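Have a look at the structure below before the remarks.
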Amino acid sequence: MSSAGVVPLLGRVAAAVSEAIARVRPETADADPVVRRSDRADFQSNAALPLAKRVGMPPAQLGGELATHVDVTDGVIADVQVSGPGFLNITLTDSAVWETVAARLADVRLGVPTTEDGRRVVIDYSAPNVAKEMHVGHLRTTIIGDSLARVLGFLGADVVRANHLGDWGTQFGMLIQYIDERPESPWHTEELDSDTSSVSALDSLYKAARAQFDSDPSFADRARNRVVALQAGDPETVARWREIVAESEKAFGAIYDRLGVLLTPDDYIGESFYNDQLADTVTELVDKGVAVDSDGAIVVLSEQVKGTDNQPAVLMARKRDGGYGYDSTDLATIRYSIASLHADRLLYVTDSRQALHFQLVFEAARRVGWLTDAIGVDHVAYGTILGPDGKPFKTRAGGTVRLMDLLDEAVARVRAVVAEKNPDLTSAELDTIAEQAGIGAVKYADLSTSRVKDYTFDAGRMTSLNGNTGVYLQYAHARVCSILRKAGAATRATVDTLGPLEPAERELALALDGYGAVLGEVAEVLEPHRLAGYLYDLARAYTSFYDSCPVIAADEPIRSNRIALCQLTARTLELGLGQLGIAAPQRM
Ligand code: ARG
């Protein structure tokens, strides 16, 4: 459902400055009003400086003219002062601030408009590989992609969560042959103990198959024949492959449930899905002159990127042996997303080492005409998770860190921290809180870091109650809920828009008013850490407010107004954490 939302105060101030510009200098009515929050007043406009240059006038004089032309009669802006070289310091009326709080509180969406309404966004994320364990390398794509899916979805986009599962390739022929020759080796979920997942069993079987393939030529032959059988659609082989995919999907589902991400079986649209589109995709690329023959292989030679040998970078549309690989599938995928899913925007959430691959895919898609300027496309690249030694995160023994183990560790840490703070909690309560806070801590540590940077996985720091952590924010939210319970504030508080407004109340109200703008930014630049940073600042603005403005003991109408601020804070924190995919328990 589309919603126009509540216009943020910043937007109203910007509109008032724009009107003033149009009045003073009609020929520059298009100028940016350059309004931002300020600690001198509520907002500051820097419009006069660039504008003065444009019209050849001293900035202070232009600033003065603008100031007298800003409308202060409609009850929003109380005062405009010129300062320094021509800045406008703009103060709002108290009633405009309270009205905004009331309007946001009255709206289920907290007044955030559906700015992405009607746009179809395909987000390629998570994409683990069948018959392999999900490991630390799949964490970032899964949670960054999920947060973007939530934010864009909330803003009204029609989000397609495309889980590009690695479920196809010659390795499955080998694995199937190996499994069939060893009917006694368990790998189905029901045959395994609860600590071993089917993918971990399959992972081991695959490694063993690989070893035999390398050492036993007759097995290698049988394995190759099995690849041919799989590709030719031999019913028994295909049935076995399906079984392996289904078992792997169960194991992925268990991780998704635990992580609390939106991905469901409906979102699996793996590499195999594109299998019967590969030939047509290559034909179209060749017909349109984008792909060419190179020694029997069909390749796309980049017009933009050169490799180290100063030759054009290559995308392999079809291999010399007629086989199709990762490049081929991504070409078919982008074609399908545009032609059949009618995507307006495509996001690929993978680590930054795949930057060149996607650059080449996008270039090819543009040259062949699938990708037009009307369609947005981004490789949402992210950095590496590092271990304490500053190198890519590994187990002590040097192996890959299983995602489940990493989550277990964080949950165990939080359990200890919370148990110490709340000795009265029952073991069951403790389990629930530890799970929500532990998973939240891992997600928040990741999402609060600038996406393109590497970061160090530090379970101790991410589960701390202090500083910019998920646990801190969850506590902040739970504290507001507890105050609301003590105040007996079960229903929405009535705001007296003529009530007084303390500086700390003002700060908090203006912070709350900025929520929609932050979501808009996240949707544009695809950086969830901006939302994380916003929530952290909001929690701190709330703390300052609470330290200087008693809520429960205050007289009316101050008490109700403060309860309204608490309610709006609790709901904004809950919604914001939710958009990072993090739970906001009422009690901790
Ligand atoms: N399955 C791949 C991996 O685990 C990631 C796939 C990313 N998506 C894509 N369309 N290539 O590394």
Side-chain angles (χ1 to χ4, degrees), residues 121-146 148-149 159-172 175 199-200 202-203 206 241 244-245 248-249 251-253 255-256 259 261 263 267-275 277-278 281 300 315-317 324-341 343 345-365 370-371 375-385 392-393 400-404 406 451 526:
V121 187
V122 177
I123 312 182
D124 182 315
Y125 73 102
S126 194
N129 300 315
V130 161
K132 292 211 181 111
E133 292 237 57
M134 279 183 84
H135 55 80
V136 59
H138 293 110
L139 181 66
R140 302 207 70 186
T141 171
T142 305
I143 63 189
I144 294 170
D146 204 63
L148 295 176
V159 174
V160 178
R161 298 183 296 264
N163 194 348
H164 193 86
L165 228 52
D167 62 354
W168 196 243
T170 51
Q171 70 273 26
F172 292 108
L175 177 61
V199 274
S200 95
L202 286 165
D203 207 342
Y206 176 68
W241 167 76
I244 292 172
V245 174
S248 302
E249 287 180 352
F252 302 148
I255 297 245
Y256 295 152
L259 275 177
V261 294
L263 292 167
D267 305 317
Y268 290 124
I269 173 166
E271 294 178 11
S272 64
F273 174 83
Y274 299 99
N275 194 34
Q277 304 174 29
L278 297 171
T281 302
V300 181
L315 209 52
M316 184 63 71
Y324 300 100
Y326 194 66
D327 292 359
S328 327
T329 311
D330 269 325
L331 287 166
T333 304
I334 197 165
R335 179 175 178 258
Y336 177 81
S337 301
I338 296 169
S340 302
L341 296 179
R345 193 177 188 191
L346 300 161
L347 308 180
Y348 292 87
V349 189
T350 81
D351 75 74
S352 43
R353 285 169 303 185
Q354 296 201 42
L356 175 61
H357 169 74
F358 284 109
Q359 194 185 343
L360 296 176
V361 170
F362 301 161
E363 184 197 324
W370 302 327
L371 196 55
I375 301 169
V377 64
D378 282 285
H379 174 217
V380 184
Y382 54 80
T384 308
I385 302 183
F393 197 25
T400 10
V401 179
R402 297 185 339 139
L403 204 41
M404 265 311 184
L406 184 139
R451 166 164 66 69
L526 309 167

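Side chains included, hydrogens not; waters and symmetry mates left out as well; all remaining heavy atoms used. Since this is a predicted model, take the numbers as computed values, not measurements. Remember, it's 1-based here, ligands and their atoms both numbered in the order they're listed.
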Measuring from atom CE of M134 to atom CG of N129, what distance do you get when rounded to the nearest 0.5 angstrom? 10.0 Å

Give a yes/no verdict on whether any heavy atom in D330 is under 4.0 Å from an atom of ligand 1. yes

Considering distance alone, does some N or O of P128 sit under 3.5 Å from an N or O of ligand 1? no

Ignoring hydrogens and geometry, is there a side-chain-to-backbone donor-acceptor pair from R451 to A381 under 3.5 Å? yes

What protein heavy atom lies closest to atom 12 (O) of ligand 1? Include the residue and the distance to one decimal. Q354 NE2, 4.2 Å

Nearest protein heavy atom to atom 2 (C) of ligand 1, by residue and atom, and its distance? A127 O, 3.6 Å

Donor-acceptor pair, side chain of W241 and main chain of D167, under 3.5 angstrom: yes

Flag the pair F273 / Y336 as yes when their ring centroid distance falls below 6.0 Å, and as no otherwise. yes

Take every heavy atom of H357, measure it against each atom of ligand 1, and state whether any distance is under 4.0 Å. no

Purely on distance, is any nitrogen or oxygen of E271 under 3.5 Å from one on ligand 1? no

Just which atoms of ligand 1 are under 4.0 Å from any heavy atom in T350? 7 (C)

Return the residue, atom name and 0.1 Å-rounded distance of the protein heavy atom closest to atom 4 (O) of ligand 1. N129 ND2, 3.1 Å

Under 4.0 angstrom from ligand 1, any heavy atom of Y125? no

Report yes if some heavy atom in the side chain of H164 is under 4.5 Å from a heavy atom in the side chain of Y348; otherwise report no. no

Of all the non-hydrogen atoms in the protein, which one sits nearest to atom 8 (N) of ligand 1, and at what distance? D124 OD1, 3.2 Å

Between I269 and A162, the two heavy atoms sitting closest are CG2-CA, 3.6 Å

Main-chain N/O of A127 paired with N163 side-chain donor or acceptor, under 3.5 Å: yes

Measure the CG-CZ distance between L526 and R345 for me, rounded to the nearest 0.5 Å. 4.5 Å

Is there any N or O on Y326 that sits under 3.5 Å from an N or O of ligand 1? yes

Which atoms of ligand 1 sit under 4.0 Å from any heavy atom of F358? 9 (C), 11 (N)

Atoms of ligand 1, numbered as shown, that sit under 4.0 Å from any heavy atom of H138: 4 (O)

The single option from T142, D146, T141 passing side chain to side chain donor-acceptor pair (under 3.5 Å) against Y125: D146

